[in-house]
Each structure stands twice: as C-alpha cells, then as structure tokens.
Amino acid sequence: MTVRGPTTAARNGLARRVGCCVLALAAALLARPDHACARGGDETAALVRQVAADAAAAVRLPASSAMRVGEGRLPPAGYLDYCLRFRGRDQGCAL
Amino acid sequence: VRPAALAALAAALLGASWTAAPAAAVAAVPARCVDLGDGCRVALTARREAELVGVQLAVNAAIRPASEREAFGVAELWTPIEGRGRGDCDDYALTKLHRLVGLGWPRAALRLTSAVLPDGQDHLVLAVRTDRGDYILDNLRALPVAWTELPYRWLEQEVPGDAAWRALAAD
C-alpha cells in the first residue's frame with residue numbers, strides 16, 4: 001500500500017486555514033475589552049477620583065452658627081410640584 | 001487650597017461615573033441626628049465634612065447653568081439632575097440634597113432655603129444643619145460656606161415633615 005502525502009492543493013488549503021486562524025486570533029486579542037490600554041484608562045480614572053476625594057478631604061470649613069426659623073409660610077410653587085413628582089422618594093416632603 | 005483651584009480640579013478631574021453615581025463609588029454610612037435642642041443636626045466628622053465638600057464640588061461641576069426654560073422648555077421645574085445636565089439654582093440644590101441622602105445623611109438635616117440675591121433675584125440653596133452650625137451649598141460658590149458669610153436676604157426654609165415652610169430671621 002502506497003501512502004501519499006498531501007497534494008499541493010491540499011497543502012495550500014491547509015496553509016490558508018492556518019493563516020486565517022492566526023489572523024482571527026490576533027484580531028480577537030486586539031479587540032479584547034480588558035486589553036492593557038483600556039485597563040490603564042480605568043486605573044487612571046480611579047487615581048483621578050482619589051486625587052479629587054483627597055482634595056475634598058483637605059478642606060476644613062470654618063465654624064458657622066444656626067439659622068433661626070419663625071412662623072409658617074406657604075412653600076414655593078416649584079417645591080409642591082417637585083414633592084408630588086417625588087412623593088415617597090423624599091421623606092422631607094409632607095403634603 | 002484655594003476654592004477656585006478646587007473647583008477647577010473637580011470640574012477637570014471628576015469622572016462622569018463618580019458624578020453620576022457617587023453613592024456607588026463611596027459606600028453610604030447612615031448618620032444619626034444629633035439633637036442640640038433645635039432638631040436634627042449631623043455631627044460634622046472629617047468624613048462628613050469631606051462628603052459635604054465633595055458633593056458641593058461634584059454637583060457644581062456636573063451641572064451646566066441654564067434657565068429652566070432653556071433646560072426643560074418650561075418656566076419652572078424643580079428636579080434633581082441625574083448624571084450631567086443643565087439646570088438652575090433649585091436643580092443644583094435638589095441634586096445635592098439627593099446625593100447627600102444617598103450618602104446616608106438624614107433628610108431632616110437638609111433644608112431647601114430661599115433667599116434674595118443683592119441684585120434682587122430670587123435664589124434657592126441647600127442649608128445643611130451640623131453640630132458646627134448651618135452651612136450653605138450654593139451653586140454661586142465653590143465651597144460650602146457659613147450662612148452668615150453670604151450677603152443674601154434670607155426668606156424661608158423648609159422643615160422636613162411639615163407642610164409649611166418657615167420664615168427665616170434676618171440675623
């Protein structure tokens with residue numbers, strides 16, 4: 001029994017398929033959402049938020065005093081409308 | 001640190017994710033009311049002070065000032081702004097109120113307050129009652145300020161849980 005190797009056409013077909021797989025793999029790697037470039041962006045954003053939080057924490061407010069309230073007044077019209085729309089989500093509104 | 005520098009820092013650096021959902025970035029810790037004889041106040045710990053300053057900076061940076069006619073197409077609409085958007089003084093105040101409640105601040109210590117500016121325009125701010133006095137979160141100022149520092153004529157203030165607002169004493 002004679003065993004023949006792959007024909008030239010078969011070898012060319014195999015090469016094309018391997019080439020396509022390599023290209024597809026490379027494309028998939030480049031398209032990964034957690035590629036190093038994207039992670040770097042996330043880390044930078046986290047660092048930026050930390051810097052902003054540190055800046056806010058560095059502020060010391062001077063002492064104040066208490067405002068004094070007197071007799072009742074009708075609330076502004078915009079407040080009534082807001083309370084109706086946010087009823088149940090804002091415990092401060094008592095209509 | 002100069003207030004203007006802080007405001008610029010917040011505007012330039014705070015990402016949309018933080019300004020849109022600060023409660024997700026900073027775990028909420030409920031605060032209890034401290035009663036010094038005149039209702040609910042918040043003990044202004046370093047954490048609470050940083051939250052107060054952070055919310056003031058973040059909301060002032062996230063909202064672009066616009067009249068309600070420009071922003072919503074109606075003459076008057078009080079609404080908190082989710083994420084970035086446009087609004088006027090009452091929208092800034094409500095957004096700050098909602099952010100602070102999201103961070104665990106008691107609603108009873110947060111009071112919408114109306115005033116008249118030196119040029120005669122009506123204005124709305126958020127007053128925050130603390131054990132160190134009342135602070136104003138104002139879209140016209142970079143940082144929270146003591147209420148006595150503002151040259152406003154104070155009109156009235158909500159009292160959460162009460163249907164009526166209350167007149168404010170002048171001093």
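Every chain is numbered from 1, with letters handed out A, B, ... down the list of sequences.
- For a residue to count as touching a neighbouring chain, one of its non-hydrogen atoms must lie under 4.5 Å from one of that chain's; by this rule Asp122(B) does not touch chain A.
- In terms of hydrophobic clustering, with Ile, Leu, Val, Met, Phe, Trp and Tyr side chains grouped at heavy-atom distances under 4.5 Å, Leu97(B) and Leu155(B) are assigned to different clusters.
- Taking all atoms of both residues into account, the shortest heavy-atom contact from Gly39(B) to Arg129(B) is C-NH2, 3.6 Å.
- At a 4.5 Å heavy-atom cutoff, the contact between Arg85(A) and chain B is made by side-chain atoms alone.
- Ranked by heavy-atom pairs under 4.5 Å with chain A, the first of Leu94(B), Val145(B), Asp162(B) is Leu94(B).
- Contacts between Leu52(B) and chain A at a heavy-atom distance below 4.5 Å involve the side chain alone, from C-beta outward.
- By number of non-hydrogen pairs under 4.5 angstrom with chain A, the leading residue of Glu76(B), His98(B), Arg111(B) is His98(B).
- The residue among Ala108(B), Gly133(B), Ala127(B) with the most heavy atom pairs within less than 4.5 Å of chain A is Gly133(B).
- Of the two parts of Glu149(B), only the side chain, counted from C-beta on, holds a non-hydrogen atom closer than 4.5 Å to a non-hydrogen atom of chain A.
- Highest contact tally toward chain A, considering only Asp90(B), Leu77(B), Val101(B), is held by Leu77(B) [criterion: heavy-atom pairs under 4.5 Å].
- With a threshold of 4.5 angstrom between heavy atoms, Leu61(A) approaches chain B through its backbone and through its side chain.
- Of the listed residues (Glu156(B), Gln157(B), Glu68(B)), the greatest number of heavy-atom pairs within a distance under 4.5 Å of chain A belongs to Glu156(B).
- Contacts of Arg107(B) with chain A are made by side-chain atoms alone, with heavy-atom separations under 4.5 Å and no backbone atom involved.
- No part of Thr130(B) comes within reach of chain A, as not one of its non-hydrogen atoms sits under 4.5 angstrom from that chain.
- Of the two parts of Ser114(B), neither the backbone nor the side chain holds a non-hydrogen atom closer than 4.5 Å to a non-hydrogen atom of chain A.
- Around CZ of Arg32(B), the count of heavy atoms belonging to other residues, nucleotides or ligands within 6.0 Å does not exceed 12.
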